[in-house]
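Just so it is clear, the values below take in all heavy atoms, side chains as well, and ignore hydrogens, waters and symmetry mates. Here the structure is a predicted model, which is why all the values come from computation and not from measurement. We name chains A, B, ... by the order of the sequence lines, and we start the count at 1 in each one.
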There are 2 protein chains.
Amino acid sequence: MERPELGYLLTRLLRTAMAREEPILANAGLRMWDYAVLSALTENAAPTQAQLAAATGRDKTRLIGNLDQLERLGLVTREPDPADRRNRVVSLTAEGRRILERCRADIREMEDDLLRDVPPGDREAFERVLTRLVDPLD
Amino acid sequence: MERPELGYLLTRLLRTAMAREEPILANAGLRMWDYAVLSALTENAAPTQAQLAAATGRDKTRLIGNLDQLERLGLVTREPDPADRRNRVVSLTAEGRRILERCRADIREMEDDLLRDVPPGDREAFERVLTRLVDPLD
DNA sequence: AGAATAAGTAAGCATGCGTAGACGATACAC
DNA sequence: GTGTATCGTCTACGCATGCTTACTTATTCT
């Protein structure tokens, strides 16, 4: 058998990774996109929702539902920017940061388990290549 | 910044890999699923379409459209199994094999280009890990 | 006052998937 | 033979996703 193609391998692996990630997020009341949006707020709050949409690659109109959900769970706040009250500044709440960190830890644990049979050197190379390939796409 | 998550990296990378693969397949008149189905016929012909559907993970009813397209292009044949004429044996034609090999070569070339900046050792480790992670999922 | 922008809301359209029911052709058990 | 089951096919439906468009509201800027 020939070496399988990248697309095939990546599709398969991504599918299982997502399948394992979903219950972790569901446990916190989150869907994939909710988590992606939440994650994008780690570094700093988003000055406008349009900017947040652009940063996450989420459609502007679909982002709203995610923010609704995150707000409902008390993980983020949407507050009018005092400087320009048309804008809504989206920030993590303390609870939001707590949940985010917990998800991150759980996901990390899941990944460790997924990669448990991979020799450390190979794992490092694997992550190095992944990061390198993705980086220049920014 | 923390190490990015596997899910994130895989999603990004898969997206670009697919984006680069699509035109190659379109060049042969194929969509992703057409190619996946075609590819599944490399080793041996599929004794029944139901089996082919199972092998590719494609829904039984959706497979039909792919086979129609592949047949239209003269890449596969659907012939009643003499032993049980309810079954249709799906096989590659000579042209089908030719196109398949051409796509494979083009895709391989695309992958080489995608990975051109990755040191050979890392690349080997990368592919080794990918294969290893996907393998036990069967 | 009037134009422009941000957020929210809704509607329409396209895609893709899976399910279910019906059909004809065929096979098989009795 | 007759009845039952299976295979491939087709059609119709429901579901989820996503993009585009347009309209409303609040707010800002000129």
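Salt-bridge formation is not detected for the pair B/D34/B/R31: no Lys NZ or Arg NE/NH1/NH2 atom is positioned less than 4.0 Å from an Asp or Glu carboxylate oxygen. With respect to the salt-bridge test (charged N to carboxylate O, under 4.0 angstrom), the residues B/R97 and B/E101 do not qualify.
Although no hydrogens or angles enter the test, the distance criterion places no donor-acceptor pair under 3.5 Å between the side chain of A/R62 and the main chain of A/A53. Counting only distance, with no hydrogens or angles, the side chain of A/Q69 and the backbone of A/G29 share a donor-acceptor pair below 3.5 Å.
Look at CD on B/Q49: it is 14 Å from C1' on C/dA25, rounded to the nearest Å. Note: CE (B/M18) to P (C/dT15) measures 17 Å, nearest angstrom. Whole-Å rounding puts the B/E22 CD to C/dT15 P distance at 14 Å.
Side-chain N/O atoms of A/Y8 and A/R12 include a donor and acceptor closer than 3.5 Å. For the residue pair A/R78/A/S91, the side-chain donor-acceptor check at 3.5 Å is not satisfied.
Residues from residues 76-89 of chain A lying near DNA chain C, meaning a heavy-atom separation below 4.0 Å, are A/R78, A/R86, A/N87, A/R88 in numerical order. For residues 50-73 of chain A, proximity to DNA chain C is found at A/A50, A/T61, A/I64, defined as any non-hydrogen atom under 4.0 angstrom from a strand atom.
Phosphate contact (OP1/OP2 of D/dT17, side-chain N/O of A/R31, threshold under 4.0 Å): present. Residue B/W33 places at least one side-chain N or O under 4.0 Å from the OP1 or OP2 atom of C/dC17.
Put simply, CD on B/Q51 and OG1 on B/T56 are 11.5 Å apart, with the number rounded to the nearest 0.5 Å. We find the CZ-CG distance between A/R20 and B/L6 to be 11.0 Å, quoted to the nearest 0.5 Å.
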